[in-house]
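Let me begin by presenting the structure, written as structure tokens, before commenting on it.
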Amino acid sequence: MQVEKQPEVQGPEQEVRPGAGRDTLELCFIAVTGVVVASAFVAALTYDRVSARAPLFVMLPLLVLIGLQLRRSIAAIRHQRLHGELSAALRGQYVEFNSVVGFIGWMLLLLGLIYVAGHYVGIAAFMFTLLRAYAKETLRLSLLVTVGVTAIIYLLFEHGFNIPLYRGLIFGILENYVG
């Protein structure tokens with residue numbers, strides 16, 4: 001009678017099962033997101049008094065939520081499993097890792113757009129690009145959602161909260177030439 005052996009440890013040549021390592025990848029994503037938000041929070045504290053309300057209103061609660069999720073994720077993972085799964089992810093054995101890295105790339109693109117073009121133009125361009133290229137939405141729906149959400153953000157921050165958002169590097173350069 002033959003008994004099939006269940007592999008306890010997978011070698012580097014074996015493909016890792018789908019869904020493996022999600023806790024570790026979630027932990028990596030949360031850590032990167034936390035670093036980005038914390039950096040933006042510290043940078044925003046240097047704004048003038050009116051603009052400095054934005055970090056307290058938006059980023060401080062976000063940092064608290066990221067901290068709570070990070071604590072929860074760390075508690076769910078044993079240290080040995082974390083090290084093994086990180087190694088497997090870096091070797092390319094987890095398909096989900098590519099998705100996480102891709103999403104982090106999208107977030108960095110958004111930050112770059114905001115830095116160069118400002119919040120309104122950056123968010124609108126990013127949203128339109130995601131709706132058209134990634135979600136494959138129609139041109140009409142993409143334009144309606146982009147214009148609508150950008151208008152809501154503008155009205156909410158500029159008029160509702162009286163918080164002027166960053167206008168971008170290009171606007172700053174053009175403002176120096178005109179004014």
Original post:
Same hydrophobic cluster for Y154 and I152, using side-chain heavy-atom links shorter than 4.5 Å among ILVMFWY?
Top reply: no
Result block: side-chain N/O donor-acceptor pairs under 3.5 angstrom for residues 29-38, not counting sequence neighbours:
from, atom 1, to, atom 2, distance (Å)
T33, OG1, F29, O, 2.8

**OP:** Taking side-chain contact (heavy atoms from CB on, under 4.5 Å) as the test, write out the residues that go with T138, two or more places apart.
**Re:** R140, L141
**OP:** Please answer: with hydrophobic residues joined when any side-chain heavy atoms are less than 4.5 Å apart, are V149 and F157 in the same cluster?
**Re:** yes
Subject >> Which residues share a side-chain contact (heavy atoms from CB on, under 4.5 Å) with A40, sequence neighbours left out >> reply: M59
Subject >> Interatomic distance, I66 atom CD1 to L70 atom CG [nearest 0.5 angstrom] >> reply: 9.0 Å
**OP:** Taking salt bridge (charged side-chain N to carboxylate O under 4.0 Å, His left out) as the test, write out the residues that go with R72, two or more places apart.
**Re:** E26
Subject >> Taking every non-hydrogen atom, the tightest pair across A117 and G122 >> reply: CB-N, 4.3 Å
**OP:** Determine whether V147 and I123 fall in the same hydrophobic cluster, where Ile, Leu, Val, Met, Phe, Trp and Tyr are linked whenever their side-chain heavy atoms lie under 4.5 Å apart.
**Re:** no
Original post:
Going hydrophobic residue to hydrophobic residue with side-chain gaps under 4.5 angstrom, can you get from V145 over to L156?
Top reply: yes
Original post:
Quick one: side-chain hydrogen bond (donor to acceptor under 3.5 Å, both in side chains) pairs with a partner in residues 103-131, sequence neighbours left out?
Top reply: Y120-E158
**OP:** Could you tell me which residues satisfy salt bridge (charged side-chain N to carboxylate O under 4.0 Å, His left out) with E137, sequence neighbours excluded, listed by chain and number?
**Re:** none
Original post:
If we only count heavy atoms from C-beta on, is the V58 to F161 side-chain gap below 4.5 Å?
Top reply: no
Subject >> Co-members of the apolar cluster containing V64 [side chain, <4.5 Å] >> reply: L68
Original post:
In terms of hydrophobic clustering (I, L, V, M, F, W, Y; side-chain heavy atoms under 4.5 Å; direct or indirect links), are L131 and L109 co-clustered?
Top reply: yes
**OP:** Supply the atom-to-atom distance L130 CG to K136 NZ, rounded to the nearest 0.5 angstrom.
**Re:** 11.0 Å
**OP:** Using ring pair (Phe, Tyr, Trp, His ring centres under 6.0 Å) as the criterion, list what pairs up with F41, not counting sequence neighbours.
**Re:** none
Original post:
With clusters built from Ile, Leu, Val, Met, Phe, Trp and Tyr whose side-chain heavy atoms come within less than 4.5 Å, directly or transitively, what are the remaining members of the cluster of L143, listed by chain and number?
Top reply: F128, L139
**OP:** Applying side-chain contact (heavy atoms from CB on, under 4.5 Å), name anything that partners F171, two or more places apart in sequence or on another chain.
**Re:** R167, E175
**OP:** Could you grab the distance from atom CG of L65 to atom CG of L60, nearest 0.5 Å is fine?
**Re:** 10.0 Å
Subject >> Exercise: identify the closest heavy-atom pair between A124 and T150 >> reply: CB-OG1, 3.5 Å
**OP:** Report the residues that fulfil side-chain contact (heavy atoms from CB on, under 4.5 Å) with L108, sequence neighbours left out, ordered by chain and then residue number.
**Re:** I104, L111
Original post:
Does the pair V116 and I170 meet the rule for a side chain to side chain contact (heavy atoms under 4.5 Å, CB included), with working shown?
Top reply: CA-CA 6 Å; V116 172; I170 294 172; 3.6 Å; yes
**OP:** Could you name each residue pair satisfying salt bridge (Lys or Arg N to Asp or Glu O under 4.0 Å) that touches residues 116-125, not counting sequence neighbours?
**Re:** none
